[in-house]
There are 2 protein chains.
Amino acid sequence: MSKIISVPNESKKETISKNAAKLFRKKGFSATSMRELAVDIGVEASSLYNHIGSKSELLQIICFKVANDFINQINELEQVEIEVTSKLEKIIRFHIHKMLEDYDMVYVANHEWKHLQEPFLKNFLNQRKLYENKLIELIKIGISEKSIKKLNPQVLAFTILSAVRGLEFWQQHKKNIDIAELEKTMVTQLLTGIIK
Amino acid sequence: MSKIISVPNESKKETISKNAAKLFRKKGFSATSMRELAVDIGVEASSLYNHIGSKSELLQIICFKVANDFINQINELEQVEIEVTSKLEKIIRFHIHKMLEDYDMVYVANHEWKHLQEPFLKNFLNQRKLYENKLIELIKIGISEKSIKKLNPQVLAFTILSAVRGLEFWQQHKKNIDIAELEKTMVTQLLTGIIK
DNA sequence: ATTAAAAACGAATAAGCGTTAGTTTTGTAA
DNA sequence: TTACAAAACTAACGCTTATTCGTTTTTAAT
């Protein structure tokens, strides 16, 4: 077969990872074979191993890329001095943008992380918990400042995360809903509710 | 090995299905082998085939059991004559209860349905869309009655569904949060928002 | 044109998969 | 006790899996 075609500024490893993300999202990690991935890329399965270490490594690359992006964003946000509710709004909007830009990778990180091997599995879950705890802390500050209702901060945080992590639905309705409306609706709903 | 032990009023097929749901949730459908399932139940893999047709059938049983439960609930709710917002509250509370009672099955139906074979895959997705559309219609009524904010009903519906489908987190925090508080918090958050 | 490294290939390996077949054990009712 | 059906067993089939090996082709620099 032919060579792996990679666009400039993108290593062949990245090209393989992105294709892997697409397949892992569509079929799941375990149900995706290296042979299928190779076909998609246009090369024999064995040739992939000149560029990557293992199938498992591809999942690691995907999951930690996403985890780092989210951790970095919330870290930057901690430095900024704006109201808690504005921070929450920014977090929600960031999730929406990420889901649109890196749909495959975000989806895989959200749904296929359980197939990571140790020690990567523990590592990933630690990253996740770190992010969740930062969000919970933010909400607690909001409650103490009386800008947020006195409800269980853990539940509030997880509900927001569940809502934005479920943004996959959007991919299937791209045509019907425009992104500005999507953002406005979700921010309004999650922050101020749906009842008039 | 020994025989399959099934509690009274539960067929052996049900026993196998429930064990399958537990494994499919923990490891994913594709990564779960019939041999593993057999070990969990205490028989040889081949013995399972005296009770079930195939591995795929187990996934079908799980997914359609869950789909039917949710469709039935929302159908019953359509008959009842109460306010739209009360109906939404009931739907949210039903999701929470279902996730607690049949965690494994609900999780599998939410996450592993893509491994269904045709025609079951199409069938399942139709059921899902039916449910989503019923929820969207409900919200549209609320908007026209002016009890719900004039926002994109599709987005509102999917956000609610994402939030309740993400209730898996609760399983890991059973000890910290009691169910009454969980319900109250989520209903309040999704219907009236979190900002004071 | 020569050389060395990078990247492709085909073939093979060992392990695991869902499932079937044939046989034996177990439980139940006559 | 006999007879029959249900459900277990062992063994095997054919296929797929991720990965490795040794070799050949391609690419790029001298």
Side-chain angles (χ1 to χ4, degrees), chain A residues 1-8 10-24 26-63 108 112 114-118 120-121, chain B residues 1-21 23-24 26-63 108 112 114-118 120-121:
Chain A
M1 293 204 197
S2 53
K3 284 203 64 175
I4 296 178
I5 298 157
S6 65
V7 302
E10 189 180 84
S11 73
K12 289 166 187 177
K13 201 164 185 171
E14 280 172 337
T15 305
I16 296 172
S17 300
K18 285 191 179 174
N19 260 280
K22 193 186 73 191
L23 283 177
F24 292 170
K26 282 205 277 192
K27 313 197 50 179
F29 174 76
S30 294
T32 300
S33 74
M34 295 301 281
R35 286 169 174 84
E36 283 177 285
L37 175 57
V39 168
D40 258 38
I41 292 178
V43 87
E44 290 298 320
S46 58
S47 304
L48 295 174
Y49 288 85
N50 285 318
H51 307 282
I52 60 155
S54 64
K55 182 185 179 186
S56 204
E57 192 202 11
L58 290 173
L59 185 61
Q60 290 159 29
I61 290 170
I62 294 164
C63 289
V108 169
E112 303 291 325
K114 67 172 69 161
H115 298 106
L116 285 169
Q117 301 170 324
E118 298 293 0
F120 303 100
L121 179 57
Chain B
M1 293 205 198
S2 53
K3 285 202 65 173
I4 295 178
I5 299 158
S6 65
V7 300
N9 300 326
E10 188 181 84
S11 73
K12 288 167 187 179
K13 201 163 184 170
E14 279 171 337
T15 305
I16 295 171
S17 300
K18 286 191 178 173
N19 259 280
L23 282 177
F24 292 169
K26 283 205 278 192
K27 313 198 50 178
F29 174 77
S30 294
T32 301
S33 76
M34 295 301 281
R35 286 169 174 85
E36 284 177 285
L37 175 56
V39 167
D40 257 38
I41 292 178
V43 295
E44 290 297 319
S46 58
S47 304
L48 296 173
Y49 288 84
N50 284 319
H51 307 282
I52 60 155
S54 64
K55 183 186 179 186
S56 204
E57 193 202 9
L58 290 173
L59 186 60
Q60 291 159 28
I61 291 170
I62 294 165
C63 289
V108 169
E112 304 292 324
K114 67 171 69 160
H115 298 105
L116 285 168
Q117 300 172 324
E118 296 295 358
F120 302 99
L121 179 57

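Below, chains carry the letters A, B, ... as their sequence lines are ordered, and counting in each starts from 1.
Distance A/Glu44 CD to D/dT26 C1': 16 Å, rounded to the nearest Å. Between B/Leu48 atom CG and D/dC9 atom C1' the separation is 13 Å, expressed in whole Å. Whole-Å rounding puts the A/Lys12 NZ to C/dA8 C1' distance at 10 Å. Taking atom CD1 of residue B/Ile16 and atom P of nucleotide C/dT19, one finds them 13 Å apart after rounding to whole Å. In this entry the distance linking CG of B/Leu37 with P of C/dG18 reads 9 Å, nearest Å. Atom C1' of nucleotide D/dA7 and atom CD1 of B/Ile41 are separated by 13 Å, given to the nearest angstrom.
One can find a donor-acceptor pair under 3.5 Å joining the base of C/dA8 and the side-chain atoms of A/Asn50.
Without hydrogens or angle criteria, A/Lys55 side chain to A/Thr32 main chain gives a donor-acceptor distance under 3.5 Å.
To the nearest 0.5 angstrom, B/Phe29 atom CZ is 8.5 Å from B/Glu112 atom CD. Note that CZ of B/Arg35 is 9.0 Å distant from OG of B/Ser46, once rounded to the nearest 0.5 Å.
With contacts defined as side-chain heavy-atom distances shorter than 4.5 Å, the pair A/Ile52/A/Met34 qualifies.
Screening B/Leu58, B/Val108, B/Leu37, B/Val39 for a side-chain contact (heavy atoms from CB on, under 4.5 Å) involving B/Leu23 leaves a single residue, B/Leu37.
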Contact list (N/O, under 3.5 angstrom) for nucleotides 18-25 of chain D vs protein:
{"residue": "D/dA18", "atom": "OP1", "partner": "A/Thr32", "partner atom": "O", "Å": "3.1"}
{"residue": "D/dA18", "atom": "OP1", "partner": "A/Met34", "partner atom": "N", "Å": "3.3"}
{"residue": "D/dA18", "atom": "OP1", "partner": "A/Lys55", "partner atom": "NZ", "Å": "3.1"}
{"residue": "D/dA18", "atom": "OP2", "partner": "A/Met34", "partner atom": "N", "Å": "2.9"}
{"residue": "D/dA18", "atom": "N7", "partner": "A/Arg35", "partner atom": "NH1", "Å": "2.9"}
{"residue": "D/dA18", "atom": "N6", "partner": "A/Arg35", "partner atom": "NH2", "Å": "3.1"}
{"residue": "D/dT19", "atom": "OP2", "partner": "A/Tyr49", "partner atom": "OH", "Å": "2.5"}
{"residue": "D/dT19", "atom": "OP2", "partner": "A/Lys55", "partner atom": "N", "Å": "2.8"}
{"residue": "D/dT19", "atom": "O5'", "partner": "A/Tyr49", "partner atom": "OH", "Å": "3.3"}

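Phosphate contact (OP1/OP2 of C/dA6, side-chain N/O of A/His51, threshold under 4.0 Å): absent. Close to C/dC9, at under 4.0 Å from its OP1 or OP2, lies a side-chain N or O of A/Ser47.
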Verify side-chain contact (heavy atoms from CB on, under 4.5 Å) between A/Thr15 and A/His51, making sure each step is shown before the conclusion.
CA-CA 10 Å; A/Thr15 305; A/His51 307 282; over 6 Å; no

